[in-house]
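Accompanying notes for the structure given below.
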There are 2 protein chains.
Amino acid sequence: MPKITDQKKDAVRMDILNTARNVFIQKGYEAATMKDIVTSSGRSFGGVYLYYSNKEDVFLDLLRRQYEDMALDFASEKQMSAWCRFEQFMGEQERRVKEVDSGLAPCMYEYFIVGRREEGRRKLIEDRYQAVYGSIFTFIYDGVQRGELHPSQPVETFVHWLISFMDGIFLESIINGFERIELVKQFDFLRTVCRSILKPIELEEYQ
Amino acid sequence: MPKITDQKKDAVRMDILNTARNVFIQKGYEAATMKDIVTSSGRSFGGVYLYYSNKEDVFLDLLRRQYEDMALDFASEKQMSAWCRFEQFMGEQERRVKEVDSGLAPCMYEYFIVGRREEGRRKLIEDRYQAVYGSIFTFIYDGVQRGELHPSQPVETFVHWLISFMDGIFLESIINGFERIELVKQFDFLRTVCRSILKPIELEEYQ
DNA sequence: TATTATAAAGAGATCAATCTCGTTTTTCAA
DNA sequence: TTGAAAAACGAGATTGATCTCTTTATAATA
């Protein structure tokens, strides 16, 4: 004779997560406390601890569910040209950076940097890097295979380099704000540089 | 009848700072405690609190004193060509990234990201950005003025962009380790890209 | 409607870190 | 040598966050 349906349980979980998300965004990962999460969710310690056993547990469930923050959905738009996809990707990143304060990315950086020595987090960091690297690499490599891109440098290195730049620009936007660092100009500049490296076919005549 | 000379006081300060530095490097800023600092310095709480009133106070004194970590000494070598100086700068950065684990940089990132909302830290972050931006800009701009560089893009944007990249590569090295991200190749790649943007005079003939 | 298993509540025990303050030690000048 | 002022000590008071555990409420079934 159990008393609550799995659906209901999931609804409670989602409700806790939704308010926890706001807590993390507003206070940051380190500054947020379980008490904040308990209070803002309108529940009790008992109620929340029934679902999550600590702050990290809540945060990891959040991350798992909205992995899209910083992860990349390359599934769609397979039919467009490699360079178009690349431009779309850059636009997407630019948009994400601008809205960085209203997402979990700043908390992720906190979580990864502060916990850089902890085994579990190292694993997560590594997995995330491989996933991001893999999806960007595949998508550019496809463009090369199809003869749409003629990169002047090894794609492997280019991808590592692009990730470094993206991480840097996220970090700078978080701590300095995107106006001070001239985000828009940096992105335009980066697009130009990338084009001159990847050499998309429709532009070769202009070289 | 005071009892201790200012020199002695400074020596004690330095002694505390030296051991505190190791504590921060080994444990990270957030994980380090005053107890760690007290213990590792072979002193008592009373003894340490006579000089510093909390962990942040110790850390800020450390930062102030070894600002060179991440700051840039452009004072020397004014006579060399702009491109040589740039290459030297890049080499210096590459070296710093490789040794990032044995310096305070990881703690700085912790301190800045976790405290991104605190007024005092915001100010520090801003000052640091302006200082770094200013010194890189000046040094490249000088090269342009002297006719040694012919940048194909606005220098302002280039500098913002370079800082983003450097911060990104520091961050990636801290959380992923520099082997995984192919640091050396990234730097070689970056040098090539920068050369094609800054167009140093001795290379124009090869274009 | 009564039963009962489970969910939720929330007071308080526990833990860990900070920092103070009364005591002891040191150092220098007389 | 001694005495007084400052330096250093370190036990313990304070704070704040975590998480448990007992109690209370709820909801499905019989």
Side-chain angles (χ1 to χ4, degrees), chain A residues 1-20 22-62 107 110-111 114-115 117-118 120-121, chain B residues 1-20 22-62 107 110-111 114-115 117-118 120-121:
Chain A
M1 308 91 179
K3 290 301 165 63
I4 218 176
T5 140
D6 274 6
Q7 260 189 357
K8 180 91 198 295
K9 269 193 169 171
D10 250 30
V12 175
R13 270 198 138 77
M14 286 310 293
D15 181 54
I16 294 171
L17 285 182
N18 282 334
T19 58
N22 293 330
V23 170
F24 283 127
I25 291 170
Q26 276 162 36
K27 306 197 103 186
Y29 180 75
E30 290 294 324
T33 68
M34 277 306 264
K35 195 179 180 198
D36 293 326
I37 293 170
V38 164
T39 307
S40 80
S41 71
R43 290 166 196 277
S44 63
F45 274 93
V48 172
Y49 273 84
L50 209 56
Y51 292 87
Y52 294 103
S53 55
N54 51 49
K55 180 169 78 166
E56 187 169 14
D57 197 12
V58 179
F59 187 69
L60 287 177
D61 198 20
L62 262 177
C107 291
E110 275 187 65
Y111 182 75
V114 173
R117 299 271 172 58
E118 286 166 40
R121 301 198 198 182
Chain B
M1 308 88 180
K3 293 302 165 64
I4 218 175
T5 142
D6 275 6
Q7 260 189 359
K8 180 89 200 294
K9 268 193 168 171
D10 250 30
V12 174
R13 271 198 137 77
M14 287 309 295
D15 181 52
I16 294 172
L17 284 182
N18 283 332
T19 58
N22 293 330
V23 169
F24 283 127
I25 291 169
Q26 276 163 36
K27 306 196 102 185
Y29 180 76
E30 290 294 323
T33 69
M34 277 306 264
K35 194 178 180 200
D36 293 327
I37 293 171
V38 164
T39 308
S40 79
S41 72
R43 288 165 199 278
S44 63
F45 274 93
V48 172
Y49 273 84
L50 208 55
Y51 292 87
Y52 295 103
S53 54
N54 52 49
K55 181 169 76 166
E56 186 169 16
D57 197 14
V58 179
F59 187 69
L60 287 177
D61 198 20
L62 262 176
C107 291
E110 274 187 65
Y111 183 76
V114 173
R117 299 272 171 60
E118 286 166 40
R121 301 198 197 182

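The sequence lines fix the lettering, A, B, ..., with proteins before strands; numbering per chain opens at 1. Side chains included, hydrogens not; waters and symmetry mates left out as well; all remaining heavy atoms used.
Residues forming a side-chain hydrogen bond (donor to acceptor under 3.5 Å, both in side chains) with Asp57(A) (at least two apart in sequence, or on another chain): Ser53(A). Here Thr33(B) pairs with Asp36(B) under the side-chain hydrogen bond (donor to acceptor under 3.5 Å, both in side chains) rule; sequence neighbours left out.
Mapping Lys8(B) and Ala31(B) onto DNA chain C via the closest heavy atom, the residue that lands nearer the 5' end is Ala31(B).
When the C1' atom of dC19(C) is taken as reference, atom CZ of Arg43(B) falls 18 Å away, rounded to whole Å. Protein atom OH of Tyr51(A) is 13 Å distant from nucleotide atom P of dT6(C), rounded to whole Å. In this structure, Leu50(A) atom CG and dA5(C) atom C1' are separated by 13 Å, rounded to whole Å. If you take NZ of Lys9(A) and P of dT26(D), they are 18 Å apart, rounded to a whole angstrom.
The line from CG of Leu60(B) to NZ of Lys55(B) is 11.5 Å long, rounded to the nearest 0.5 Å.
Listed pair Ser44(B) / dC9(D) meets the phosphate criterion, a side-chain N or O lying under 4.0 Å from OP1 or OP2.
In this structure, the side chain of Glu110(A) engages the main chain of Glu30(A) through a donor-acceptor pair within 3.5 Å.
Residue Tyr52(B) is classed as having no contact, given no heavy-atom separation below 4.0 Å to the nucleic acid.
Residues of residues 23-30 of chain B that place a heavy atom closer than 4.0 Å to DNA chain C do not occur.
Applying the side-chain hydrogen bond (donor to acceptor under 3.5 Å, both in side chains) definition to pairs two or more places apart or across chains, those involving residues 9-19 of chain B are Asp15(B)-Arg43(B). Annotation: ring pair (Phe, Tyr, Trp, His ring centres under 6.0 Å) contacts involving residues 29-55 of chain B, sequence neighbours excluded, comprise Phe24(B)-Tyr29(B), Tyr29(B)-Phe59(B), Tyr29(B)-Tyr111(B).
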*Protein-to-nucleotide contact annotation, 5' to 3' order, nucleotides 16-21 of chain D [B base; S sugar-phosphate only; - none; under 4.0 Å, heavy atom]*: -SSBB-
*Does the side chain to side chain contact (heavy atoms under 4.5 Å, CB included) test come out yes or no for Ser40(A) and Asn22(A), once each step is laid out?*
CA-CA 9 Å; Ser40(A) 80; Asn22(A) 293 330; over 6 Å; no
